Participant: 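This is the structure I have questions about; it appears just below.
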Amino acid sequence: MTTEFKNYINGEWVAGVESRPNINPSDTSDVIGLYAQADAAQTEGAIAAAQAAFPGWAFSTPQQRFDVLDQVGSELLARREEIGRLLSREEGKTLAEGMGETHRAAMIFKFFAAEALRVGGETLPSVRPGVSVDVLRQPVGVVGLIAPWNFPIAIPAWKIAPALAYGNTVVFKPAELVPGCAWTIAEILSRTALPKGVFNLVMGPGSQVGATLVDSPKVKALSFTGSVGTGRRIIASCAGRQAKVQAEMGGKNPVIILDDADLDVAVNAAVQSAYFSTGQRCTASSRIVVTEGIHDRFVDAVVAKLQTLKIDHALKAGTDIGPVVDQRQLDQNLRYVAIAQKEGGRLAWGGEVVERETQGFYQLPALITETRNDMTISREEVFGPVANVIRVRDYDEALAVANDTEFGLSAGICTRSLKHAAHFKLHSQAGMVMINLPTAGVDYHVPFGGTKGSSYGPREQGSYAREFYTTVKTAYTFPG
Ligand code: NAD
């Protein structure tokens with residue numbers, strides 16, 4: 001019998017109005033469970049519970065917050081393999097990647113446990129005699145958290161942990177495709193000393209659960225990660241009702257390979273960030289900008305490397321790259337490969353659907369060469385294992401091409417020239433810059449986020465998360 005997983009509202013496990021199967025993309029006959037789907041009314045109930053719990057949690061002690069977050073971090077660490085396996089089963093990352101992401105989520109909870117102990121403000125002398133000024137950081141209120149499917153545990157962690165650490169109450173909506181890890185976090189939180197209503201999980205469709213969170217006047221701040229189209233609509237709605245909003249969206253991240261790059265470092269950086277995690281990372285480098293002196297050697301070495309990679313069931317030993325997340329995403333990947341070829345690109349390797357022992361969404365990583373930066377493949381996010389190579393003359397042209405995009409999440413350069421690396425660090429228009437490293441793969445204790453069309457609002461992660469999850473109050477005191 002398939003297990004049914006419920007929503008968590010006001011400290012109770014509540015059945016949804018219907019349920020949705022969570023299906024393994026490596027093996028579509030494997031149903032992980034049936035997950036409750038809330039409607040607008042149930043979401044309103046969760047928001048009301050979070051609102052009622054806010055005054056208590058807002059004035060909880062730092063020790064209470066530390067204890068809850070530290071407990072979650074410790075349990076995630078202890079259950080890293082089991083939860084990593086669940087993650088791989090529902091999203092399709094390899095087990096190593098699933099375990100790595102779970103480890104990261106644990107570290108994020110532990111980081112914000114400690115941050116709860118140092119929610120400092122500032123005390124300044126007033127310009128008036130005898131008066132002092134305190135700048136206080138206080139929680140915002142009920143926050144709505146909306147997550148995408150591609151990091152089923154890390155993204156929920158980097159929204160839930162700071163929200164609670166800074167004294168907010170939470171209504172969290174995971175992506176429809178990956179409710180398993182989200183439910184696991186809720187279950188762990190349900191066994192901590194968190195008062196009822198402080199954290200609520202509502203699974204269900206974006207059009208109902210998500211839209212209710214976005215439009216509710218009781219939700220004072222909304223943190224969203226997902227696609228550009230959804231993000232822009234959410235930003236407009238939240239701004240219209242003066243709610244705080246933070247949105248992390250798409251990318252078309254470039255990696256520049258210069259003539260003087262170490263070939264092994266360059267191939268590793270490009271292949272890692274373009275194709276691992278099936279290319280389903282917002283920080284994936286999908287545009288590979290290569291100077292002409294190294295171009296042919298680099299392309300040959302990337303193709304040779306791709307030929308050695310095993311694309312198979314995410315949980316199978318030896319798999320390097322798991323399946324695409326679902327049929328819709330697979331169709332989108334195939335469509336972009338076809339468009340790229342139609343516009344003059346050359347498919348140097350892969351791109352096609354392949355069959356494995358189990359029925360899943362398997363695609364060979366695609367490398368498309370002879371592309372230009374004005375082609376569709378260079379302009380639009382594919383969000384799959386598809387990358388294109390753009391040949392350029394020199395560093396100056398490479399920098400111009402890298403920056404010529406509506407996005408600005410992550411950007412990389414592979415070079416042994418300190419001069420070019422230092423110049424790129426300053427002149428890349430992306431929010432995160434990588435030198436001789438993959439564009440994907442970031443630390444958990446520093447800010448994460450982009451520029452231009454990729455991001456909106458204050459940064460996530462590290463102590464910079466405080467900006468979004470707190471509000472500033474300026475208090476003047478005259479002792480009398
Ligand atoms: P999506 O926009 O389809 O969905 C994201 C979330 O929004 C889901 O939970 C969905 O249910 C919800 N949603 C959908 N419609 C809604 C509505 N009308 N109101 C409120 N919520 C709604 O994105 P996705 O396909 O899940 O994720 C892939 C995208 O996420 C890619 O574009 C990727 O680049 C981006 N992403 C960005 C980052 C980042 O930090 N920049 C990280 C991961 C993923």
Side-chain angles (χ1 to χ4, degrees), residues 20 35 37-38 40 43 90-91 93 101 104 144-159 171-179 181-182 201-216 219 222-238 243 245-253 273 277-286 324-326 328-330 332-333 336 380-384 386 405-411 430-432 439-442 444 447-461 465 468:
R20 178 189 160 112
Y35 287 78
Q37 300 290 286
T43 311
E90 70 176 349
E91 199 267 354
K93 285 189 175 110
E101 191 184 325
R104 181 188 171 137
L145 308 178
I146 300 180
W149 52 261
N150 65 326
F151 281 95
I153 201 154
I155 292 180
W158 82 55
K159 293 184 190 298
V171 182
F172 166 50
K173 188 206 107 54
E176 292 90 318
L177 288 176
V178 292
C181 289
L201 169 76
V202 272
M203 300 175 282
S207 57
Q208 291 209 31
V209 175
T212 305
L213 280 175
V214 170
D215 293 335
S216 170
V219 175
L222 201 295
S223 179
F224 167 84
T225 301
S227 62
V228 175
T230 311
R232 286 193 182 150
R233 283 195 297 277
I234 289 177
I235 292 164
S237 302
C238 288
V245 61
Q246 169 185 69
E248 285 299 339
M249 301 167 283
K252 196 71 212 177
N253 310 299
S273 47
S277 298
T278 322
Q280 297 172 158
R281 292 187 284 199
C282 50
T283 47
S285 47
S286 48
V324 172
V325 75
D326 69 356
R328 201 167 134 246
Q329 184 64 52
L330 180 60
Q332 175 164 313
N333 300 347
Y336 273 108
E380 297 177 14
E381 184 183 50
V382 179
F383 217 54
V386 179
T405 169
E406 69 165 295
F407 298 110
L409 189 56
S410 182
M432 294 178 289
T439 54
V442 294
Y444 64 84
F448 175 97
T451 61
K452 303 199 278 188
S454 292
S455 301
Y456 186 84
R459 284 283 185 267
E460 298 199 84
Q461 300 193 59
F468 180 72

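Quick caveat: nothing in here was measured; it's all calculated off a predicted structure. Each ligand, and each atom within it, is numbered from 1 in the order the structure gives.
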Participant: Write down the atom of L409, the atom of S454, and the distance for their closest heavy-atom approach.
Facilitator: N-OG, 3.4 Å
Participant: Check this for me: does any side-chain nitrogen of one of E176 and R328 sit under 4.0 Å from a carboxylate oxygen of the other?
Facilitator: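 R328 and E176: not salt-bridged.
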Participant: Quick check for you: to the nearest 0.5 Å, what is the distance between W149 atom CH2 and T225 atom OG1?
Facilitator: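 Going from CH2 on W149 over to OG1 on T225, the span is 13.5 Å.
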Participant: Looking at K252 and E380, is there a salt bridge between them, counting it only when a charged N and a carboxylate O are closer than 4.0 Å?
Facilitator: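 No salt bridge links E380 with K252.
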Participant: I need the L213 CG to F224 CZ distance, nearest 0.5 Å.
Facilitator: 12.0 Å
Participant: Distance from E248 atom CD to I155 atom CD1, nearest 0.5 Å?
Facilitator: 9.0 Å
Participant: Kindly tell me which protein residues have any non-hydrogen atom under 4.0 angstrom away from an atom of ligand 1, grouped by chain and ordered by number?
Facilitator: I146, A147, P148, W149, N150, I155, K173, P174, A175, E176, G206, G210, A211, V214, F224, T225, G226, S227, T230, I234, E248, M249, G250, C282, E381, F383, L409, F448
